[in-house]
Every structure is written in structure tokens, then in C-alpha cells.
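Each remark here refers to the structure printed beneath this line.
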Protein chains: 2
Amino acid sequence: MQSVDRALRLVDRAAEAGPEGLTLNGAAEALGVAKSTAFNLLKTLLAHGFLREERPGPRYFLGMSLMRFGDLVAQQLPVAEISRPLLRELTAVTSLTSRVAVVDDGCPVFLERVDGPGTVRFHAPLGCREAPHASAAGKAILATYDEDRVRTICKAEGLVPHTRLTITDVEALLADLEETRARGFAIDDEEDAEGVFCIGAAFTDHQNRCLGAVSVTGIRAEASASRVLHIGQTVREYADRLTQELGGRIAQLPPPSLGALPRPVGRR
Amino acid sequence: MQSVDRALRLVDRAAEAGPEGLTLNGAAEALGVAKSTAFNLLKTLLAHGFLREERPGPRYFLGMSLMRFGDLVAQQLPVAEISRPLLRELTAVTSLTSRVAVVDDGCPVFLERVDGPGTVRFHAPLGCREAPHASAAGKAILATYDEDRVRTICKAEGLVPHTRLTITDVEALLADLEETRARGFAIDDEEDAEGVFCIGAAFTDHQNRCLGAVSVTGIRAEASASRVLHIGQTVREYADRLTQELGGRIAQLPPPSLGALPRPVGRR
DNA sequence: AAATCACGTTCGTTATTACCGAATAAACCG
DNA sequence: CGGTTTATTCGGTAATAACGAACGTGATTT
């Protein structure tokens, strides 16, 4: 479905363009089509509110419909729905940004976020596959898998470095996962972003199979070793509560296949 | 652009279908096209993560990409970005769900929401045009307009009743707006939904032109008259703070045209 | 357990539709 | 005010998306 494909790719481009916005020529060039073609695509997306036009010198941005639908997605996913009050509590208790992710091919996909009171903003996108080896949620998930499966996932994803502390060696990762199991929660100590730490713990279904992870994010400098341990216990506790509350409604579980999941855009 | 149009309409249908999901036959029927056509559309949307497929008996739901994009929209709108910490504070202070809306043709369009601690869930969708006459944010906005403009908007939108307390008479609305001006904030007393009250106050640009409104939502039974007045003052205060903080960055204002904005789906 | 039924999926043909490129109009900049 | 860039319109053409029938597949019923 060529034209639909192109239209949806335009939405992607608009997302990447960010606050700069997308121009007609830019859109045409990005798709490799004639200007008039891009024009028609843009107008159709506009009519449905998938894009928003700002004048003068028409620039195109992500539209309001996407906000509306995005909001609905979260409401329709049982895990997001159930975890929301827990995340709010967790953030209230720890004063940290907390999130919940479900697992997709070993990678965490974040579904819900509750921002902490801090003024610092974390770039914590929703709906993206995150690196399993460089995030607390990812490592919490991997820690529930056996060695073979971890190796397979690592081979598929590649242990790409995000910071100078990112674990890029499989053996080192396996050792870290061993510690994680012993501890009961995973620690990301500036392995995903400089100056940022995360703590994550997995939640499971009634058969003890990993469904995803809960995690909190904060400023590394503000976290002493003892505080990290204490926070870890708390996160562990909330992940367990989520496991239990999920137990009731196992009927609708997070989908085994989440569809085509892009990498985060605009990462720095 | 027929095929794109149809594809986007399918996303709409999937949103309306909610947790029930969308079936192939349902999709084909909704669009009035052959099954194979709907099939191809669905697959294309699936490939881009705009829809999500759940098996067996394939059902289609809103996809992860929509969550991702929806999240990005909020990040790219200056008003949403600036108001977020204010809303968090406002919710912390009042223990109520707080929201911010910008104005679009006299109607409030909600961009951001911070849920209160209460267990009660308000169906407060983002990215939709809400009724101007039956919401606190809407009345707060209308109160900044002159009589002619209010009449024009009412004629265009129609004063459709949502509850038995909804104001359906223009003269009564104008009187209410007069009170609102005197008070400094608008009150929606079960006019939008049974048992629910809202309080809203407008924020403006440096030329005192209305840009939108801040509002809080709570359970009617839990709000005494004196508490309402107190909350009103607080909301008024936060709207003013938003006006000031916005003053610095007037460069990028909420877009005059927000594009095609649908009515809320799934309202009850 | 077999057969029916309903629904999803595939395929080939046709004409509709979306693509292109040139021409026009509008906006922007010096 | 004129040059330049950028958006928008238009008509011809060919590729593309629509259709309908045929095939699988999974669930349900007797």
C-alpha cells in the first residue's frame, strides 16, 4: 500500500523534525517523491489531524489526533491502567520519575510514566523499544532469562554503548545479571545516560514468567549507595504488588507482539 | 487521497472500538470497501505500528507508535511543556485532577493532564475539542470574549445538553459568564458530567488575549461551597502564573489553527 | 469426531487513483 | 520593488489500489 506507507512515513519524519517542523520540500525529498505528491499526502494527514499546519511558510508538526490516540492507547492497555496508581505512589514515595515497561523480544517497551517533582527533565519516551543491556528495566527483564536466551538477545540487539559505562561485553553483562538476581533489582549506573541512574525490578504473571519491569530514574549525584539500596527494595516491592494486582486480570495480558516498534527518536 | 483517507479512518475506528478491538469484517464494513482492501490497509498500518494485532482471531487495536507520537506532541507544544510543572503543583495542592487547554475557535482543547490521587477516574481525553458551554475551561475562555463573539460561537457549536444541569440557553450562559468575570474563575457544577465539578481560569498572552484555560476536576459531593471558592482562588493564581511564565517565550505560541479536531470518543 | 460455518488470507484482473512534471500563484528576502 | 524561493494547481499517464472469487484455517455444533 504505497500511498499509505508514504503517509505514515511522513508522520515519522514530522516526529523527527521536532519543533523545527516539516516543510513541503523536506517531505518530498525525504520520501523521494514529487512535490505535488507530498503535498497531497500532507493535506490528507492534515484533514485527519494527524499533522498540524503552522503558517506562514507552512510548517507541519505532529497533530492533535496523535495526542488523542496516544492517550487512548494507554487507557486500553491493562498493564498501563493497573500500574498507573502504583507508579504515582512509587513516585510520591521516592520523589523519582517512575515508569513501567512490558517486554517485547527481550526489550523493554515503556507504557506509562509518572514524572517526579524534580525540575530536571528526563528524555523518557513512551512506546519505544529501549536497549535491554543499558537500562535498569532491560536488565531486570534479562535477569529472569537463562544464559542462552540472554546471549541470543544480545546477539540480535548488539551491545551498543550509550555512555562510557555501558556494558558492552556479554560476560560482564551475565555477571551483572547474576548480581541482579541476588539483589532482587537491577541497577543502571550511568550506563544509559551520563549522570542518570535507574533502578528496575521485573513483574511476572502467575506462572512466574516475566511480563515487564517497573523502574525509577534519578540524578546520579543525588543518590548515595545506601539510598540506592533502599530505593531498590521499594521498587522491588512495587513490582511485586503489580504482579499480584495483575494476577486477577490475567485474561488480558500485554500482547506478545506489540507490532512494529521504532527506536526512540531524538535521542542524544 | 483515497487510500490514505481510508487508512486514517481505520485508526479512528480502532479508537472507537476500544478494548473490544477491530475485526477485518468490521473494518471493511465501516469503510464500505472489499475485505481484501481493508486487509491491505490494516497490514500497512500494522507495519508502522499504528495498529497492533492480537491473535488468535485477529483483532486490531491502537498501536504503540500512536503512544510514542502522542507523547512527542506534548513535548513539542510549548504551552504543554511550560504548564506541566504548574499542573503538578496544582494537583499536589488541591488533590484534584488538573488540566490545561488551549483555545481553538472558542473551544477548549486539552493538552496536558495530571491525575489526582483519588481512585476515581475521570474520562478526560486529551487532544479533543470540548464543549465551550459545558466545561469550566470553556466558560473561562468564553468569559474573556464579548457578547457577540459568544453568541456566534454558541450558534456554531450549539448548546447541546450533557446533563440536566447543562446550560442550554444563551441568555443564561451570558449571565453565568458575567458571574465568572466577577469571580475570576468559572464553575462547572455537574454541567458536563453527573456528580463531577470543574473549576477553570483563563490564561492570556501579554496583550491580555485569551490563550486557554487551566482547570481542576473533582467529585461534587466532596466539595463544599467554601472549598470551591478556595480552590477557585488557587486555580486563578496558577492560571496567572502560567500567563507570566508564558510571557517570556511568547515567540512560540499555541497554534492558531490546531487542525482537524474530533469530538471526544467514547463519551458516556 | 466429522462436518459445517465463519472469518481471515491470497491472487489475478480492471479501471480508478495517485504519481509526476510543468505551469501558476504566493510568500519571502534583499 | 524586483528577484528568488516555496507552495499550490492542473492534466495526462501508468502504476496501484480496489474488487470479487477462490482458498485456508480455526472455531463450533451436532
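The sequence lines fix the lettering, A, B, ..., with proteins before strands; numbering per chain opens at 1.
In this structure, A/D12 pairs ionically with B/R68, as a charged nitrogen and a carboxylate oxygen lie closer than 4.0 Å. A salt bridge links A/E53 and A/K43; the closest N-O separation between the charged side-chain nitrogens and carboxylate oxygens is under 4.0 Å. A salt bridge is defined here as a Lys NZ or Arg NE, NH1 or NH2 lying under 4.0 Å from an Asp or Glu carboxylate O, and A/E54 with A/R52 meets this definition.
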B/F69/A/F50 under ring pair (Phe, Tyr, Trp, His ring centres under 6.0 Å): CA gap, chis, key distance, verdict: CA-CA 10 Å; B/F69 292 133; A/F50 277 66; 9.2 Å; no
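Screening residues 23-38 of chain A for salt bridge (charged side-chain N to carboxylate O under 4.0 Å, His left out) gives no qualifying pairs among residues at least two apart or on separate chains.
Going from atom OH of B/Y60 over to atom P of C/dC7 covers 14 Å, rounded to whole Å. The CG-P distance, from B/L31 to D/dA18, rounds to 9 Å in whole Å. Following rounding to the nearest Å, A/N40 (CG) and D/dC10 (P) show an atom-to-atom distance of 12 Å. Rounded to an integer number of Å, the gap from CG of A/L45 to P of C/dA18 is 13 Å. Between the CG atom of A/L41 and the P atom of D/dT8 there is a distance of 14 Å, given to the nearest Å. Atom P of nucleotide D/dC10 and atom NZ of A/K43 are separated by 14 Å, given to the nearest angstrom. Across the protein-nucleic acid pair, B/L10 atom CG and D/dA18 atom P stand 11 Å apart, rounded to whole Å. In this structure, A/D5 places its CG atom 13 Å from C1' of D/dA17, rounding to the nearest Å.
Of the candidate nucleotides D/dA7, D/dA17, C/dC7, D/dA17 has the atom lying nearest to any side-chain atom of A/M1. Nearest to the side-chain atoms of B/Q2 among the listed nucleotides C/dC7, C/dT17, D/dC19 stands C/dT17. For A/S3, the listed nucleotide lying nearest its side chain is C/dA18; candidates were C/dG8, C/dA18, D/dA7. Picking from D/dT16, C/dA18, D/dT9 the nucleotide with the shortest atom distance to the side chain of A/F39 gives D/dT9.
Applying the 4.0 Å criterion to OP1 and OP2 of C/dG8, one finds that B/N25 has a side-chain N or O inside that range. Checking the phosphate oxygens (OP1, OP2) of C/dA18, no side-chain nitrogen or oxygen of A/R6 falls inside 4.0 Å.
Between the side chain of A/R59 and the main chain of A/E20, a donor-acceptor pair closer than 3.5 Å is present.
Residue-level contact check: A/R59 touches neither bases nor backbone, having no heavy atom under 4.0 Å from any strand. Within 4.0 Å (heavy atoms only), A/V33 reaches sugar-phosphate atoms of the nucleic acid but no base atom.
With values rounded to the nearest 0.5 angstrom, A/R149 atom CZ is found 12.5 Å from A/C154 atom SG.
Nearer the 5' end of DNA chain C, as judged by each residue's closest nucleotide, is the contact made by B/T23, out of B/T23 and A/T37.
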Sequence-aligned protein contact record of nucleotides 22-30 of chain C, with B where the base is within under 4.0 Å of a protein heavy atom and S where only the sugar-phosphate is: ------S--
